[in-house]
Structure formats: structure tokens, C-alpha cells
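In what follows, a structure is listed as C-alpha cells, so that the remarks can point back to it.
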Amino acid sequence: MIGVLLWGGYKLFRKGRQGRRSGGVALYIRDYLDSVEVEVINNKVECLWTRIRGKAKKKDILVGVCYRPHNQDDEGDELFYKQLADVSRLAAFVLVRDFNLPDICWELNTAEKRQSRRFLECIEDNFLLHLVNEPTRDNKKHFYKYINNKRRGKESLHSLLDSRGNIVNWEEEKVEVLNTYFASVFTNKTGGPQDNGPLELIDNDRKLNKPLKFQEDTVSDILKHLDPQKSMGPDGIHSRVMRELVEEFAKPLSIIYQQSWPSGEVPGDWKWANVTPIHKNGCKEDPGNYRPVSLTSLPGRVMEQIVLTTITQNLQDGQGLRPSQYRFRKGRSCLTNLITFYDQVTHLVDEGKAVDVVYLDFSKAFDTFSHNILLEKLVAHGLDKRTLCWVKSWLDVRAQRVLAHIRYWKAAMRSPCNLLFSKMVNGDF
């Protein structure tokens, strides 16, 4: 490699192409990071591996730069795959590469050519996650757009105003301010006519039209369709792990679900939520201008999906949801709602009639309504006692923590799922 550019403040690692004066790969790492090159036995592949040592108790990170020529043969590919398998066991790592495999569709994880399909197999075998799905080689805007997006996600929280009107700057204080505010939304504004006492769930003679199914094949089907891009919940179980190990997870989870539903008890771990504050608009110092996005335990979310699907079908069969309800329903969306609305308005205008439109926006409606009223509505629509007890347990005694550099748990009621919220706003209060 010739003509390498030296940058101040960076440490240069490089590896020339074997048998040639030009070509090769290079990596620049900030000089304040403790980094060292990792020696590999095979030098026939254009790969450079560097270890960045973690500070304090943080783990090391392995960063690799690889180039695969467009005319590389199968032998060269297999040498690289072996090297990738070896280094993937050492530490968490990031791989920056140019493999010259343009026929790969990363969205569908498919490829036309045999060599490309073999590469995808290697990615899956080593549990790697592809992050950049768009070509960046010929479009610098795409590259910097991706980098800037990731950098924004790593910024620390903005300074915030506490309940006494004081500015807080320490991470611990900012997390506590947001956590307290998010919890107060649930605990102080969920009153209803029956909220002063416990709700009595009476036995209902009517059974579910479609029974709940927690068989192994039902659980397996849901696990196979988990989105591998989703973040982990408080339990640290990644969706890709569960999707890759369907046969190992499906049976024990189905047993847990079969025990949870009849007993009406939801495991406590499923009621914990990691909350990420997302700024909506307005002053960044105001905690009220942040929207909490929560992630709960993945096994719990799988059971929620099974229960929700059954409740949805029974509410639709029993006319528990109005035809005008479009949000949170399968096969319906904001687009279909707008099309229907537009059709009705144009029909009235064609008849020469006046049309008045009133738009309502309820502040934090999804978070602040009464859980007891919701349960009373479900009782009125004939859900059996077992399911009602399970939903009540699912809503009660929840806890959340705001994710930042410091994390605090705080007890908080949590808003129900989207479909249950739809049931809440349908019918008479």
C-alpha cells in the first residue's frame, strides 16, 4: 500500500495486498483509544483486525476491515469464512467491508448467486447482524446520513427542569426527573368511577368463541417471524437468538404460557420495561415534551400477542369494535381511514351538502385512562374470568426504568396494548 494519508489525532493500522505494491486495507482509530492489531494466521485474505480495549469493566471491541475482490474464488472465500469464525469468538466486533456481492437483497436476506448465498450462510452461522442495507460506495450522502443518525442516538440527555423548576445536568438527576414524570402520568391520572376499590371479576357463562392456543406450534410460528432488528428488553434476550433457536425455546415457553393463563398470574419479570425518552417538540428542558418508548420482556410480548389475537377476533365477531375503528386493527390503517373519509366527504359535496369537520387530540389519552373502566368493558362483552384475571394481572404492579448512562427502576402503571385502548374508546363510558 503506497501513498497512505496520515491524520493527526488518529492511529493508523494497515495491511498491504500480498504480492502487489498497491491495494490493501487501512483503519484509522482515535489515538486516545487503547487499540492494538490482532494477528491472524492466514495472510491470503485482505482483512485487518484491531482490538479496542474497553475501559473499566467494559468489554473489548474488535473492529475489522475486509475487502473481497470481485473475482475471488471459492477457496479464498472459505479462508475468509474460517477467519471470520475464529475472530467472532474473541469479543464483540464490528466488521466494515466491501465484498463485491451486489446481488444480495439484505431486506429479504436472499441472493441469486451461489457465492452470495454461501456468504449469507456464514453471516447467520456467526450470529452477525447487517446494519447498512443501502449501497454507500457511490453515494456519500447515504453514508453520512447513516453515521449521523447513529451519532444522534448516542448523545446524552439534554438538561432538564425538575419539579421545583431547577435545571439538572447530571445524568443521574436527568434520568430520575424523566422517570418520575413518566410514572406520574400513569399514577395520578387514571382515576375512574370504580378506581377507589378493587374490581370484582364475576364468573361469565359465555366462553371465548375462539379458545386461547398455547401449543408448541403456535409459539414456534410467532418466534419464526420475530423481527431481528428489535432491541432487547430488561431480560437481555435478543429476538434474533429466539428466532434462531426456535426448537429450543418453543416447548418451554408454551409450558410457561399454559401455566400463566389459567392461574391468571403474569410473571413479574414481564412487567418490567426499559423506557427510552424521545423528544417530540418544544423546549428540550421540559420533561413533558418527551415521549416514553418502552420495551418489555420478549417472552412476555409473545404471550401478549397470542392473548391479543384471540381477544381481537372475539371482539370483532361479537361486534365489540365499531366498523369506524381503523387504528390498531389488522388490514386497516390511517390510509384506509383517509380513503373512506375522503369518499364520504366527496359524496356529500357532490350532493350539495355542507361538511363540517371537528378534529380532537386527547393529551396522553393512551396513558391516562382508567384500567378499571377498560376491564368493565371487557366484562360486558363476555370475556371469561380467566382471561380477565390475566389481563388485570398484566396491567397491575408494573415498573419501568429510563435508559441512559444511569438506570433507575420506578413503579408505574403502564398503558395497555393498542387493541385494548381501542376497546376503551368504543361504546359508551
Side-chain angles (χ1 to χ4, degrees), residues 81 84-85 88 92 95 101 103-114 116-134 208-262 266-267 269-274 293-316 328-333 387 390-391 394 416-420:
Y81 299 150
L84 184 61
S88 64
L95 177 61
L101 299 171
D103 60 303
I104 293 179
C105 175
W106 291 107
E107 183 177 358
L108 301 177
N109 203 37
T110 59
E112 297 177 1
K113 298 180 180 179
R114 178 182 53 79
S116 300
R117 293 195 295 270
R118 175 69 183 93
F119 173 74
L120 291 176
E121 291 178 3
C122 174
I123 294 296
E124 293 184 355
D125 291 344
N126 291 283
F127 295 97
L128 301 181
L129 184 63
H130 192 268
L131 297 178
V132 183
N133 294 324
E134 298 180 1
L208 285 172
N209 297 328
K210 296 185 180 297
L212 287 166
K213 296 181 180 180
F214 299 111
Q215 285 85 356
E216 185 177 343
D217 57 346
T218 303
V219 178
S220 177
D221 183 64
I222 295 177
L223 295 180
K224 290 178 181 177
H225 293 86
L226 291 176
D227 186 354
Q229 303 289 343
K230 293 293 185 181
S231 300
M232 296 181 292
D235 53 17
I237 302 177
H238 200 283
S239 57
R240 182 166 186 179
V241 174
M242 297 189 69
R243 197 173 81 161
E244 296 287 347
L245 302 175
V246 171
E247 295 181 359
E248 286 74 15
F249 274 103
K251 185 172 183 178
L253 284 179
S254 65
I255 295 174
I256 294 173
Y257 299 157
Q258 291 169 10
Q259 294 293 322
S260 173
W261 176 68
V266 178
D269 292 358
W270 296 0
K271 299 182 181 184
W272 300 348
N274 284 344
V293 177
S294 63
L295 281 175
T296 53
S297 167
L298 187 55
R301 278 182 274 164
V302 172
M303 184 170 182
E304 288 178 17
Q305 184 175 341
I306 297 174
V307 176
L308 175 61
T309 301
T310 305
I311 293 178
T312 303
Q313 189 60 54
N314 284 289
L315 288 176
Q316 290 176 344
F328 312 132
R329 294 183 65 180
K330 188 176 182 179
R332 298 189 175 200
S333 63
T387 305
W390 191 91
V391 173
W394 178 59
C417 66
N418 300 338
L419 186 275
L420 295 184

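Computed from a prediction, not measured in an experiment: that's the story for all the values here.
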Fill in the blank from the handout: When every non-hydrogen atom of D103 is compared with those of S116, the smallest separation belongs to OD1-OG, 2.6 Å

Handout entry: Chi angles and distances behind the side chain to side chain contact (heavy atoms under 4.5 Å, CB included) call for D269, D235
Key = CA-CA 8 Å; D269 292 358; D235 53 17; over 6 Å; no

Handout entry: Shortest non-hydrogen separation from W261 to W390 and the atoms involved
Key = CA-CD1, 3.7 Å

Completion exercise
Nearest heavy-atom approach of V246 to K224 is CG2-CG, 3.9 Å

Exercise for the section: Mark yes or no for whether T296, through its side chain, and W270, through its backbone, hold a donor-acceptor pair below 3.5 Å. Expected result: no

Practice task
Would you check if there is a donor-acceptor pair between the side chains of S297 and W272 at a distance under 3.5 Å?
Solution key: no

Fill in the blank from the handout: Nearest heavy-atom contact between R243 and P228 is NH1-CD, 3.6 Å

Practice task
Could you grab the distance from atom CG of L101 to atom CD of E112, nearest 0.5 Å is fine?
Solution key: 12.0 Å

Exercise for the section: Could you grab the distance from atom CG of D217 to atom NZ of K251, nearest 0.5 Å is fine? Expected result: 13.0 Å

Practice task
Enter the distance from D221:CG to I306:CD1 here, rounded to the nearest 0.5 Å.
Solution key: 9.5 Å

Fill in the blank from the handout: The reported gap from CD1 in I222 to CD in Q305 (rounded to nearest 0.5 angstrom) is 4.5 Å

Practice task
Locate the shortest heavy-atom distance separating P299 from Y257; write the atom from each residue and the value.
Solution key: O-OH, 2.6 Å

Practice task
Would you check if the side chain of Q258 reaches a backbone N or O of F214 as a donor-acceptor pair within less than 3.5 Å?
Solution key: yes

Problem - Crowding at CD, E248 (>12 non-hydrogen neighbours, <6.0 Å) - result: yes

Problem - Nearest atoms (heavy-atom pairs only) where L84 meets L95 - result: CD1-CD2, 4.2 Å

Fill in the blank from the handout: When rounded to the nearest 0.5 Å, the distance separating CG of L223 from CZ of F249 is 8.5 Å

Exercise for the section: Mind checking the OG-NE2 spacing from S220 to H225? Nearest 0.5 Å is all I need. Expected result: 10.0 Å

Exercise for the section: Test side chain to side chain contact (heavy atoms under 4.5 Å, CB included) on L295 and R301 and set out the steps. Expected result: CA-CA 9 Å; L295 281 175; R301 278 182 274 164; 3.8 Å; yes

